[in-house]
Enquirer: 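Here it is, the structure in full.
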Amino acid sequence: MAGTRDLLRHCPLLLPQDRHGTAYEGFVTAQGRDFHIRILLPVDLQLKNARIECSWRLKRILHGYRHILKQRLHSCPDLVSFMVELKTVLEIALKNTQDLHIPRPPEYYSCLVRDLEILGWNRVAYVDTGLTTVKLKAEDSCGRQHLITLKLNAKYPTEPPDCLVDFPVPFAVSWMPQNSLIDIYNQFLAALESLKEFWDALDEIDGKTWVLEPENPTRSATTRRIAIGNNVSVNIEVDPRHPNMLPECYFLGADHEVNPLRTKLNNNMHLWDPEISLLQNLRELLEIDFPSRAVLEKSDFAKDCGICYAYRLDGSTPDHVCDDPRCGQPFHHACLYEWLQGLPTSRQSFNVIFGECPYCNKPLTLKSSMKKL
C-alpha cells in the first residue's frame, strides 16, 4: 500500500488497472501539461521488462532520451522511482524543446565555442549542428571510457546545462554564472573517481564469472546475476556508494541447491572483509568457486525454458527451477505462472499459485511476484 500511496503522490493521474499491479494507465504531468501513458509490467513485476506505451506527442518529446529511460528502467528499484526519473527527464526534454524555438544571441555561440576551445576539442565526442547538445568524453584512472551529454539552454552560461550521465547515482552539478564547461568536466572527473571502487568490483565480476543478467550491463547497473552451477545462480545488488560492503543477495534455483548456499551465507556473514574484493568475499562466504570463463561456456548454464523453449523472454532468463533433483527443469517465471493459471487442477491463494511441474508433475508453488530471499 505504501508504494501505491507514493505513486499517487508523485503521479496522481496514473492509476492501477488491475489488482495485481501489472498495468497502470493515466497521465504524467510536467510543466503544467498532461501526457497520456500506459505502463505494463510482467507478472513478476520486474521493472526492467516493463513495456511503456504513450501518446505520439510524448514519444516525440522523449525521442532523444530513450537510451536514458532504458537505463533507468534497468536501474530503478521500483515503479515510483522510475516515474520520478521519467518526470525529471520529461522536464528537461520539454525545456530543451522550448529552447529550440528561442533565438540564441551571438554571445551564446561565442561563449560556447570559447569554452570548448579552453576545454580542448580532443575531449569533445559530439556537437550537434545547432550547438545545443555537446557530448564530452573522459577516461577514468583505470582507463574506462565515459561520456557526459550536455543539453544547453539559451541562457547559457547564466544557467547551467542539463547533464546526462551513465551513473548508478545522481550527478548534480555545482554551477555559478562565471563557470564554464571546464568546471563541469572537472566535476565529472571527480564523480568518476568516486565510483572507481564500484566499477572495479563489478568489472572483476564481469571478467571472471559468468554473468547471466544483465546481458550487456551499463555503467549505471547495480545488479548482477552470477552463475553458480547448472540452473543455480545468485543475484547481487551492490551499493555504489559502499561497494566493499556485503551486497543484497538472493538465490535462484531448486531448494535443495540453494538452501545450503543460504545457510553458508548466513553462517559466514561475519567473515565479510571490506579489505578484499567483492568477488573474493563472495567466494569465501559461500565456500565455492564460481564457474570460470576460461573453462566453461555460457551455454553450459543457459538452459532453455521448458515451456516456451527459449532462453531469453523479453530480456529475462529462466529463473524458476523444479525442486525435484531428478527433474530440475528451468522455467521463465512468466511462462510458468501463465501455464499454472491455465490448468484446472491449479489453485491460487492471494499471490501464490499451487500446481504441478509441467515435466515431472511434482507439486510446486509460485508467487505472482518475485521476492528477494
Side-chain angles (χ1 to χ4, degrees), residues 1-30 33-63 65-91 93 213-214 223 235 250 252 305 307-308 310 312-320 331-344 346-355 365-372:
M1 288 297 294
T4 303
R5 287 196 298 269
D6 288 340
L7 186 62
L8 283 172
R9 188 171 71 251
H10 291 287
C11 300
L13 301 180
L14 185 66
L15 301 175
Q17 302 298 300
D18 61 11
R19 63 192 179 105
H20 301 297
T22 60
Y24 293 83
E25 187 166 7
F27 298 88
V28 58
T29 304
R33 298 168 61 185
D34 296 331
F35 299 92
H36 182 258
I37 190 170
R38 187 166 184 245
I39 299 174
L40 302 174
L41 298 169
V43 292
D44 60 11
L45 301 183
Q46 294 212 21
L47 197 61
K48 64 182 179 180
N49 296 324
R51 189 166 83 248
I52 300 176
E53 300 173 354
C54 59
S55 63
W56 66 268
R57 184 176 289 105
L58 180 58
K59 187 177 294 186
R60 186 180 64 183
I61 292 171
L62 294 175
H63 177 75
Y65 300 84
R66 286 178 301 175
H67 66 293
I68 297 293
L69 293 175
K70 188 174 182 180
Q71 290 172 4
R72 294 300 176 259
L73 272 177
H74 278 262
S75 60
C76 286
D78 51 49
L79 182 58
V80 176
S81 301
F82 173 72
M83 291 307 300
V84 171
E85 295 270 9
L86 174 61
K87 290 183 68 174
T88 300
V89 172
L90 182 54
E91 292 278 355
E213 294 182 283
T223 62
N235 198 92
Y250 68 92
L252 296 165
C305 169
I307 295 174
C308 72
R312 292 199 175 273
L313 177 67
D314 296 330
S316 65
T317 60
D319 51 12
H320 193 93
F331 307 97
H332 293 115
H333 186 280
C335 292
L336 187 57
Y337 188 77
E338 185 177 349
W339 172 278
L340 294 175
Q341 279 192 315
L343 292 179
S346 298
R347 61 186 180 86
Q348 187 162 354
S349 175
F350 297 101
N351 68 330
V352 179
I353 189 167
F354 301 84
T365 61
L366 190 70
K367 292 183 179 180
S368 61
S369 60
M370 292 294 293
K371 300 292 183 183
K372 290 184 178 180

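From a predicted model like this one, the values you see are computed outputs, not experimental measurements.
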Enquirer: Can you tell me if His333 uses its side chain to pair, donor with acceptor, with the backbone of Lys367 under 3.5 Å?
Expert: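 Present.
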Enquirer: More than 12 heavy atoms of other residues, nucleotides or ligands under 6.0 Å from CD of Gln341: is that the case?
Expert: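 Enclosed.
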Enquirer: Could you walk me through whether Leu13 and Val28 satisfy the side-chain contact (heavy atoms from CB on, under 4.5 Å) test, starting with their C-alpha distance in whole Å, then the side-chain angles of each, then the deciding distance to 0.1 Å, before giving a yes or no?
Expert: CA-CA 7 Å; Leu13 301 180; Val28 58; over 6 Å; no
Enquirer: Would you list the atom pairs, donor with acceptor, under 3.5 Å between side chains in residues 66-74 and any protein atom, with sequence neighbours excluded?
Expert:
from: Arg66; atom 1: NE; to: His63; atom 2: O; distance (Å): 3.2
from: Arg72; atom 1: NE; to: Glu85; atom 2: OE1; distance (Å): 3.4

Enquirer: Ignoring hydrogens, what is the shortest heavy-atom contact between Gly355 and Ser346? Give both atom names and the distance.
Expert: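 Looks like CA-OG, 3.8 Å.
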Enquirer: When rounded to the nearest 0.5 angstrom, what distance separates OG in Ser349 from CZ in Phe354?
Expert: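 Taking OG in Ser349 and CZ in Phe354, the distance rounds to 5.5 Å.
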Enquirer: Roughly how far, to the nearest 0.5 Å, is the CG atom of Leu79 from the CG atom of Leu86?
Expert: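 Leu86 CG to Leu79 CG: 10.0 Å, rounded to 0.5 Å.
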Enquirer: As a quick check of understanding, evaluate side-chain contact (heavy atoms from CB on, under 4.5 Å) for Lys87 and Cys11, giving each step before the final call.
Expert: CA-CA 9 Å; Lys87 290 183 68 174; Cys11 300; 3.9 Å; yes
Enquirer: Are any side-chain N or O atoms of Thr88 and backbone N or O atoms of Val84, one a donor and one an acceptor, separated by less than 3.5 Å?
Expert: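 Flag set: sc Thr88 to bb Val84 pair under 3.5 Å.
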Enquirer: Got Cys305 and Phe331 here, is their nearest side-chain heavy-atom distance under 4.5 Å?
Expert: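 Yes. Closest side-chain heavy atoms under 4.5 Å.
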Enquirer: What's the separation between atom CD in Gln348 and atom CG in Leu366, rounded to the nearest 0.5 Å?
Expert: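 Interatomic distance, Gln348 CD to Leu366 CG, rounded to 0.5 Å: 9.5 Å.
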Enquirer: Check for me whether the distance between the ring centres of Phe27 and His36 falls short of 6.0 Å.
Expert: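 Yes - the distance between ring centres of Phe27 and His36 falls below the 6.0 Å cut-off.
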Enquirer: Find the distance between CG (Asn235) and CD (Glu213) and round it off to the nearest 0.5 Å.
Expert: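 The distance works out to 7.5 Å.
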Enquirer: Nearest 0.5 Å please: distance from the CD1 atom of Ile61 over to the CZ atom of Arg33.
Expert: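 One gets 5.0 Å once the value is rounded to the nearest 0.5 Å.
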Enquirer: I'd like to know whether Leu90 forms a side-chain contact (heavy atoms from CB on, under 4.5 Å) with Phe35, so could you lay out the CA-CA distance, the side-chain angles of the two residues, the decisive distance to 0.1 Å, and finally the verdict.
Expert: CA-CA 10 Å; Leu90 182 54; Phe35 299 92; 3.8 Å; yes
Enquirer: Given side chains that start at C-beta, do those of Met83 and Ile39 come closer than 4.5 Å, heavy atoms only?
Expert: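 Contact flag for Met83/Ile39 side chains = yes.
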Enquirer: Is there side-chain contact between Ile52 and Leu40, with heavy atoms separated by less than 4.5 Å?
Expert: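 Answer no - side chains too far apart.
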Enquirer: Between Gln17 (side chain only) and Leu15 (backbone N and O only), is there a donor and an acceptor less than 3.5 Å apart?
Expert: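 Looks like yes, one N/O pair under 3.5 Å.
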Enquirer: What distance separates His320 NE2 from His332 NE2, expressed to the nearest 0.5 Å?
Expert: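 The NE2 atom of His320 sits 13.5 Å away from the NE2 atom of His332.
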Enquirer: Report yes if some heavy atom in the side chain of Leu62 is under 4.5 Å from a heavy atom in the side chain of Val89; otherwise report no.
Expert: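 Yes. Closest side-chain heavy atoms under 4.5 Å.
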